[in-house]
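Only this structure's heavy atoms are used, side chains among them; waters, hydrogens and symmetry mates stay out.
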Amino acid sequence: MVRALLRQAVDGRFAVRIRRFAIVGAVAAGLQTLLLGGFVEYAGVHYLLAATIAIEITIIFQYILNNLWTFRAVKNTGWGEYLHGLVKTNVVRGSAIPIQLGVLYGIVTWSGVAYLIANVIAILVSGVYRYVLDARWTWNV
């Protein structure tokens, strides 16, 4: 499945969409990492709670960018449709939060890797899951 997705990203009919999704995800991952570090280092929030808050902020951020750019051909328009899509993406991405937090916790606890580095790994692990569900359910493609 991962090889097929990577092949699609290069030359498949969804190549542009997958690349845009990855770019939005990379920008959001950077934002999420900055928020996580800020919440932990400057606000004194435990890293798992800080990660949860940072994830939710970036869920909203990614929905806005993905709707405007990645899925613009099928974007959600009008308040009702837009809010319905936001709820759907929150369900999809919210269901990925336990995956991401579990990977984050496991890496930090068992390998001693710094939480910011572990967070990037956790984002990558849950990324394919989020793309497939978001594309198919939130934007119906």
Side-chain angles (χ1 to χ4, degrees), residues 1-43 45-141:
M1 182 168 124
V2 173
R3 276 177 62 188
L5 186 62
L6 291 174
R7 201 168 322 136
Q8 285 288 327
V10 174
D11 61 8
R13 65 183 181 136
F14 300 115
V16 172
R17 185 179 300 145
I18 291 170
R19 287 193 297 263
R20 287 179 179 179
F21 191 86
I23 291 167
V24 169
V27 171
L31 175 62
Q32 187 183 119
T33 302
L34 286 172
L35 290 169
L36 173 59
F39 292 146
V40 171
E41 301 301 325
Y42 299 108
V45 178
H46 186 274
Y47 78 95
L48 290 175
L49 177 59
T52 305
I53 296 166
I55 290 168
E56 182 55 35
I57 291 169
T58 56
I59 285 172
I60 295 166
F61 174 77
Q62 287 179 41
Y63 176 72
I64 293 167
L65 288 182
N66 278 321
N67 195 60
L68 288 172
W69 188 47
T70 307
F71 297 98
R72 69 179 173 207
V74 292
K75 71 180 176 181
N76 296 316
T77 57
W79 280 106
E81 188 178 322
Y82 190 82
L83 291 176
H84 188 250
L86 182 58
V87 168
K88 282 178 151 183
T89 202
N90 262 285
V91 169
V92 167
R93 292 171 181 274
S95 71
I97 290 173
I99 296 167
Q100 188 172 336
L101 292 179
V103 171
L104 173 61
Y105 176 79
I107 293 172
V108 168
T109 301
W110 296 314
S111 69
V113 171
Y115 71 92
L116 291 175
I117 295 169
N119 187 61
V120 172
I121 296 167
I123 290 169
L124 292 171
V125 168
S126 62
V128 171
Y129 170 86
R130 290 188 317 267
Y131 173 77
V132 170
L133 290 180
D134 243 353
R136 300 204 184 218
W137 194 51
T138 304
W139 286 280
N140 301 311
V141 292

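Under a cut-off of 6.0 angstrom, the local environment of NE2 in His84 is sparse, with at most 12 non-hydrogen atoms contributed by other residues, nucleotides or ligands.
The minimum heavy-atom distance between Ala50 and Phe39, with the atom names listed, is CB-CB, 3.6 Å. What you find for Thr70 and Arg17 is that their closest heavy atoms are CG2-O, 3.4 Å. Closest heavy-atom contact between Ile99 and Ser126: CG2-CB, 4.1 Å.
The shortest side-chain heavy-atom distance between Val120 and Thr33 falls under the 4.5 Å cut-off. For the pair Thr109/Tyr105, a side-chain contact is recorded, criterion being any heavy-atom separation below 4.5 Å from C-beta on. Asn66 places none of its side-chain heavy atoms less than 4.5 Å from the side chain of Thr89. Two residues are said to be in side-chain contact when any heavy atoms from C-beta on lie closer than 4.5 Å; Gln100 and Asn119 meet this criterion. The shortest side-chain heavy-atom distance between Asn90 and Tyr63 does not fall under the 4.5 Å cut-off. In this structure the side chain of Tyr82 reaches within 4.5 angstrom of the side chain of Ile64, judged on heavy atoms.
Leu36 pairs with exactly one of Leu48, Thr52, Leu116 by the side chain to side chain contact (heavy atoms under 4.5 Å, CB included) rule, that one being Leu116.
Relative orientation of the Phe21 and Phe71 rings is perpendicular, given thresholds of 30° and 60° on the angle between their planes.
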